[in-house]
**Q** 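Pasting in a structure now, in structure tokens, and then I'll have a few things to ask.
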There are 2 protein chains.
Amino acid sequence: MDHEARAQAFENALRRAGIRITRQRAALLRVLALAEDHPDANQLFHRATKAGAGVSLATVYRTLSALEAQGVILKVEFEGEPARFEPADGKHHDHMIDVDSGEVTEFVSERIEKLQAEIAAELGYEIVRHRLELYVRKKP
Amino acid sequence: MDHEARAQAFENALRRAGIRITRQRAALLRVLALAEDHPDANQLFHRATKAGAGVSLATVYRTLSALEAQGVILKVEFEGEPARFEPADGKHHDHMIDVDSGEVTEFVSERIEKLQAEIAAELGYEIVRHRLELYVRKKP
DNA sequence: ATATATGCAAATTATTTGCAGTCAA
DNA sequence: TTGACTGCAAATAATTTGCATATAT
């Protein structure tokens, strides 16, 4: 799925939910579809601005909330940083953060997921969502 | 270890680090030693105040930072809430949060810890710290 | 046409900080 | 004695919101 297709998919998801695609939102969807990293609201605001879209920071926040509510994007909050956002297509994953470089790597572990479910089940719970972050450093 | 002994242990750790035990800090250490839950700065402020200690919120924050820097307490940040604090004696554990009641349960999984280390190692990393939270709901 | 979205500026929340005075060691 | 600590009030940082206006459907 290329960027344009991805942006289009986001747009469709919103339209389906009855959410209006304004010029500002279209621009943000495009910026989000292009993001390979995990940008925060302010970075998205700057990227959209640079791309020529006249968007205010307040609208960025409001749009991100709407997109998150529709399950189109995910909010991730790392320690001591403003919230970041990532497209929610692709499969579930967790994050590994290099504490020296700041680099973020995504990873999946079926086994960890399963263990988590087991631990919750033992106490009579089912998992609604979870958050797993590994703060790491390159080995010497 | 009873509460008083725990408070004493905290105090010793601070003294060892050359940190002065003021009336305010002593009071906060006592409140922290008593905490069975995971209170935030504001709750600690109220508990200390109720206990008759004249402490300001600014001092609560400054003291918590000092205690955290000394490894005496840990800061835990759950989604959408102010930071909470817990005594750092006892062994490492992760948290399970009941999304309906807010109840927090601590748990440990050697197997998950090990899998995390393996995943990091595969990419040439070692884990500095990690954060794992399960947001759960009672099964029907 | 009209409900929904936008921009701006002001409000909120959690936390931090400068400074002048206070106190533990 | 004196450098570390405290309280207060003001500053920050990230995010949210009220309101008058603009716009997508």
Side-chain angles (χ1 to χ4, degrees), chain A residues 7-8 10-31 38-49 51-70 72-85, chain B residues 7-8 10-31 38-49 51-70 72-85:
Chain A
Q8 197 57 57
F10 289 167
E11 212 173 293
N12 293 340
L14 294 191
R15 281 191 200 285
R16 246 175 276 131
I19 289 182
R20 295 181 182 177
I21 306 301
T22 61
R23 175 179 52 77
Q24 293 86 333
R25 284 182 177 166
L28 273 171
L29 290 181
R30 208 138 275 114
V31 170
H38 300 76
D40 62 30
N42 202 43
Q43 292 174 309
L44 290 167
F45 167 65
H46 285 303
R47 291 181 196 179
T49 301
V55 193
S56 73
L57 187 52
T59 291
V60 171
Y61 274 108
R62 273 189 282 230
T63 298
L64 288 173
S65 294
L67 298 183
E68 197 198 358
Q70 295 312 318
V72 170
I73 63 173
L74 287 174
K75 183 198 282 193
V76 297
E77 298 188 66
F78 299 145
E79 289 179 2
E81 302 185 1
R84 300 168 175 231
F85 299 85
Chain B
Q8 197 58 57
F10 289 168
E11 213 173 293
N12 294 340
L14 294 192
R15 281 192 201 284
R16 244 176 277 130
I19 290 182
R20 294 182 182 176
I21 307 300
T22 61
R23 175 178 53 75
Q24 293 86 335
R25 285 182 178 165
L28 272 171
L29 289 182
R30 208 137 276 114
V31 171
H38 300 76
D40 61 31
N42 201 43
Q43 291 174 310
L44 290 167
F45 167 66
H46 284 303
R47 291 180 196 179
T49 301
V55 194
S56 72
L57 186 53
T59 291
V60 171
Y61 274 108
R62 273 188 281 230
T63 298
L64 289 172
S65 294
L67 299 183
E68 196 197 1
Q70 295 311 318
V72 171
I73 62 172
L74 288 175
K75 184 198 282 194
V76 297
E77 299 188 67
F78 300 145
E79 290 178 1
E81 302 185 1
R84 298 168 176 232
F85 300 85

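Remember, it's a predicted structure, so these values are computed and weren't measured experimentally. Chain letters run A, B, ... following the sequence lines, proteins first and then strands; every chain starts at 1.
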**Q** Using atom types as modelled, flag every donor-acceptor pair under 3.5 Å from a side chain in residues 15-22 of chain B to any protein atom, sequence neighbours excluded.
**A**
unit_1: R15(B); atom_1: NH2; unit_2: E11(B); atom_2: OE2; d: 2.9
unit_1: T22(B); atom_1: OG1; unit_2: R25(B); atom_2: N; d: 3.1

**Q** Under 3.5 Å, which protein N or O atoms sit close to an N or O of nucleotides 23-25 of chain C? Give each pair with its distance.
**A**
unit_1: dA24(C); atom_1: N3; unit_2: R20(B); atom_2: NH1; d: 3.4
unit_1: dA25(C); atom_1: OP1; unit_2: R15(B); atom_2: NH1; d: 3.0
unit_1: dA25(C); atom_1: OP1; unit_2: I21(B); atom_2: N; d: 3.3

**Q** Taking only residues two or more places apart in sequence or in another chain, which ones pass side-chain hydrogen bond (donor to acceptor under 3.5 Å, both in side chains) with Q70(B)?
**A**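 In terms of side-chain hydrogen bond (donor to acceptor under 3.5 Å, both in side chains), with neighbours along the sequence ignored, Q70(B) is linked to no residue.
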**Q** Rounded to whole Å, please give me the gap between CG in L14(A) and C1' in dA24(D).
**A**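 It is 14 Å, rounded to the nearest whole Å.
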**Q** If you compare all heavy atoms of A83(A) against all heavy atoms of D40(A), which two are closest, and at what distance to 0.1 Å?
**A**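 Scanning both residues completely, I find the closest heavy atoms to be O-CB, 3.1 Å.
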**Q** Could you state the NE2-P distance from H46(B) to dA14(C), rounded to the nearest angstrom?
**A**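 Going from H46(B) (NE2) to dA14(C) (P), I get 11 Å.
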**Q** Please report, rounded to the nearest Å, how far the P atom of dT16(C) is from the CG atom of L64(B).
**A**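 Result: 9 Å.
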**Q** Just report the end-to-end axis angle for the helix from dA1(C)-dT25(D) to dA25(C)-dT1(D), five pairs per end, to 10 degrees.
**A**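 Its terminal axes enclose an angle near 40°.
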**Q** Going by salt bridge (Lys or Arg N to Asp or Glu O under 4.0 Å), name the residues that satisfy it together with E79(A), two or more places apart in sequence or in a different chain.
**A**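 Testing E79(A) for salt bridge (Lys or Arg N to Asp or Glu O under 4.0 Å), a comparison that skips the adjacent residues, returns R129(B).
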**Q** Taking only distance into account, with no hydrogens and no angle test, what donor-acceptor pairs under 3.5 Å do side-chain atoms of residues 59-68 of chain A form with protein atoms, sequence neighbours excluded?
**A**
unit_1: T59(A); atom_1: OG1; unit_2: S56(A); atom_2: OG; d: 3.2
unit_1: T63(A); atom_1: OG1; unit_2: T59(A); atom_2: O; d: 2.9
unit_1: S65(A); atom_1: OG; unit_2: Y61(A); atom_2: O; d: 3.2

**Q** Residues two or more places apart in sequence or in another chain: which of them pass side-chain hydrogen bond (donor to acceptor under 3.5 Å, both in side chains) with E81(B)?
**A**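 E81(B) satisfies side-chain hydrogen bond (donor to acceptor under 3.5 Å, both in side chains) with R84(B) only.
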**Q** In chain order, what residues pass the ring-ring contact (aromatic ring centres under 6.0 Å, His included) check against F78(A), with sequence neighbours excluded?
**A**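 If we apply the ring-ring contact (aromatic ring centres under 6.0 Å, His included) test to F78(A), skipping adjacent residues, the hits are H95(A).
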**Q** Output one letter per nucleotide in nucleotides 11-22 of chain D: B when a protein non-hydrogen atom lies under 4.0 Å from the base, S when only the sugar-phosphate is that close, - when neither is.
**A** ---SBBBB----
**Q** When you look at Q24(A) and L28(A), which way does the side-chain contact (heavy atoms from CB on, under 4.5 Å) test go after all the steps?
**A** CA-CA 6 Å; Q24(A) 293 86 333; L28(A) 273 171; 5.7 Å; no
**Q** Counting C-beta onward and ignoring hydrogens, is there a side-chain heavy-atom pair between V55(B) and L44(B) closer than 4.5 Å?
**A**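 With C-beta onward as the side chain, the pair stays apart.
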